[in-house]
Chemist: 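Quick one: the structure is below, and I'll ask about it shortly.
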2 protein chains.
Amino acid sequence: MPDPTNPTPDPAAAAPLTLEQAKAQFIHLWGATSASWGINRTMAQMHALLLVSAEALSTEDLMAQLQISRGNASMTVRELLDWGLVYKALKPGERREYFVAEKDMLQVTRCIIRERKRRELDAMKRSLDQLAALPGDPTEPGYREFHRVLGDIQQLADSADTVLTGVMKAEKTWLIDKLLRMFT
Amino acid sequence: MPDPTNPTPDPAAAAPLTLEQAKAQFIHLWGATSASWGINRTMAQMHALLLVSAEALSTEDLMAQLQISRGNASMTVRELLDWGLVYKALKPGERREYFVAEKDMLQVTRCIIRERKRRELDAMKRSLDQLAALPGDPTEPGYREFHRVLGDIQQLADSADTVLTGVMKAEKTWLIDKLLRMFT
DNA sequence: CACAAGTTTCAATAATTATTGAAACTTGTG
DNA sequence: CACAAGTTTCAATAATTATTGAAACTTGTG
């Protein structure tokens, strides 16, 4: 029976969580967020798991904790290595490879910006440039309008490029300082 | 037979495109880009089509030009209306609804930031706050570490929030000026 | 208020994307 | 160089997400 002097509106919130439960929730949250980001769930969950793991984990550990197949674990961990979000940590005398996450969040942000910029923004800019350079007939009605839209988008892409490149190179204190000063 | 005095390394690039062909390429490009952005292809293509259309288009036009079903066209155009990227344009004396795109790219950017921030960043911040507030046992080994990671992510999310909110509210000239001055 | 013109909904289906798991491969060691 | 321990690849399959299209609904008009 609930104690009226100590009301518990949400019973689930009342029971203290073990650290393991809290970590599991974090992994779930990170995986769910990734869905709307074009990053696949397993990759996000593995990243989250490594972020909150004190020690380095092996492929076996990853398979067991995320309940995924060996193949999936292998490919996903390699992808995280490619992004620079995870490092190999070889234990002396052991054949097996272990993995640790980059835990500096500014560094994590940089890795993500770098990869996504390369894959998406840079690719888009190339296509836009190519499209804008195609020969067309300037006397056709609507030609100017179409090229104005194209130009506007290119300008926008350039601005985004400049800003993202800046963030990538910036020092932590400098960045936070500048951005917050700017917008608050 | 190619004229050697006027070499054409890429034959495809040599033939002047009609405006219609160029538009089709733009629609294709925009749709492809959206794939890595968590926005569905039809929505991006429809947006592109309306962006480069001089006149307002009806649902019938959208169906015909994008080769999609009535249901798909109806749902997608409604979604674009929800995002604020497209407006209804009623023609006097006509029952049928017509649609035009918002063509100011800064305004378009604002709409997209607003929607994605609401759906993704705000949702994530809520979940993080909730998770950080859950009762746990601070004496458990690793408790501090876990909460440090959580705190770092929250800080990052807050910074992103501040910046995006700033961009959303900013005036065009002010924004471009500030950002470019900052990073170049 | 019956009808026509148009729009929306949603269960069924198609298309896409992620995952499995077994086979092939790699690498270090006696 | 044979073997063991581990990793990677990739065709088959499962899971997810987008699309269709027919039925239900809405709205303006005689």
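The basis for the numbers below is simple: all heavy atoms, side chains too, and nothing from hydrogens, waters or symmetry mates. Convention: sequence-line order gives letters A, B, ...; per-chain numbering from 1.
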Chemist: Which residues within residues 50-63 of chain B lie with some heavy atom under 4.0 Å of an atom in DNA chain D?
Modeler: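 Contacts with DNA chain D under 4.0 Å: none.
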Chemist: Return yes when atom CD of A:Gln130 has more than 12 non-hydrogen atoms of other residues, nucleotides or ligands closer than 6.0 Å, and no otherwise.
Modeler: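 Atom CD in A:Gln130 is not crowded, with 12 or fewer foreign heavy atoms closer than 6.0 Å.
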Chemist: Tell me whether the OP1 or OP2 atom of D:dT19 has a side-chain N or O from B:Asn40 closer than 4.0 Å.
Modeler: yes
Chemist: If you assign each of B:Arg70 and A:Arg70 to its closest nucleotide in DNA chain D, which residue comes earlier from the 5' end?
Modeler: A:Arg70
Chemist: Which is it for A:Asp122 and A:Arg126 under the salt bridge (charged side-chain N to carboxylate O under 4.0 Å, His left out) test, yes or no, and what are the steps along the way?
Modeler: CA-CA 6 Å; A:Asp122 295 352; A:Arg126 264 193 303 282; 5.7 Å; no
Chemist: Dot-bracket, DNA chain D: Watson-Crick or G-U, under 3.5 angstrom, [ ] crossing, | other strand?
Modeler: ||||||||||||||||||||||||||||||
Chemist: When rounded to the nearest 0.5 angstrom, what is the spacing between CG in A:Leu164 and CD in A:Glu120?
Modeler: 10.5 Å
Chemist: From CE of A:Met75 over to C1' of C:dA18, roughly how many Å is that when rounded to an integer?
Modeler: 10 Å
Chemist: What integer distance in Å separates B:Arg78:CZ from C:dC10:P?
Modeler: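 Going from CZ in B:Arg78 over to P in C:dC10 covers 11 Å.
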Chemist: Quiz question: by atom type and distance under 3.5 Å, do the side chains of A:Thr162 and A:Asp158 form a donor-acceptor pair?
Modeler: no
Chemist: Atom CG in A:Leu106, atom CG in B:Asp152: separation rounded to 0.5 Å?
Modeler: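 Atom-to-atom, A:Leu106:CG and B:Asp152:CG are 10.5 Å apart.
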Chemist: Strictly below 4.0 Å, N to O, side chains only: are B:Asp129 and B:Lys125 in salt-bridge contact?
Modeler: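 Looking at B:Lys125 together with B:Asp129, the answer is no, because their closest N to O distance does not fall below 4.0 Å.
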Chemist: Residues from residues 84-100 of chain A sitting under 4.0 Å of DNA chain D, heavy atoms only?
Modeler: A:Arg95, A:Arg96, A:Glu97
Chemist: To the nearest Å, give me how far apart CG (A:Leu81) and C1' (D:dT8) are.
Modeler: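 Answer to the nearest Å: 13 Å.
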Chemist: Return the nearest nucleotide to the side chain of A:Ser69; candidates are C:dT9, C:dT20, D:dT8.
Modeler: C:dT20
Chemist: Expressed as a whole number of angstroms, how long is the span from A:Glu79:CD to C:dT17:P?
Modeler: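 Going from A:Glu79 (CD) to C:dT17 (P), I get 14 Å.
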Chemist: Roughly how many Å is it from CD in A:Gln45 to C1' in C:dA18, rounded to a whole number?
Modeler: 12 Å
Chemist: With a 6.0 Å cut-off (strictly less than), is the heavy-atom count around CZ of B:Arg116, excluding the residue itself, greater than 12?
Modeler: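 Count over threshold, so yes.
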Chemist: Touch check for A:Arg41, heavy atoms < 4.0 angstrom, all strands: base, sugar-phosphate only, or nothing?
Modeler: nothing
Chemist: Taking atom CZ as the centre, does B:Arg118 end up with more than 12 heavy-atom neighbours from other residues, nucleotides or ligands that are less than 6.0 angstrom away?
Modeler: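 Enclosed.
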Chemist: Just the rounded figure in Å: distance from C1' of D:dT17 to CD1 of B:Ile39.
Modeler: 15 Å
Chemist: List the steps and the verdict of side-chain hydrogen bond (donor to acceptor under 3.5 Å, both in side chains) for A:Asn72 and A:Ser69.
Modeler: CA-CA 5 Å; A:Asn72 194 358; A:Ser69 71; 4.9 Å; no
Chemist: Quick check on DNA chain D: between B:Met43 and A:Asn72, whose nearest nucleotide comes earlier from the 5' end?
Modeler: A:Asn72
Chemist: Just by distance, do the side chain of B:Glu94 and the backbone of B:Arg96 share a donor-acceptor pair under 3.5 Å?
Modeler: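 Not a single qualifying donor-acceptor pair exists.
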Chemist: What is the ring orientation for A:Phe146 with B:Phe26, classed by angle as parallel under 30°, tilted 30 to 60°, or perpendicular over 60°?
Modeler: perpendicular
Chemist: Would the number of heavy atoms belonging to other residues, nucleotides or ligands and lying under 6.0 Å from CD of A:Glu20 be above 12?
Modeler: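 12 or below, so no.
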Chemist: Without decimals, in angstroms, what is the distance between B:Gln67 CD and D:dG21 C1'?
Modeler: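 Nearest whole value for this atom pair: 16 Å.
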Chemist: Among C:dT7, C:dT19, D:dT9, which is the nearest nucleotide to the side chain of A:Thr42?
Modeler: C:dT19
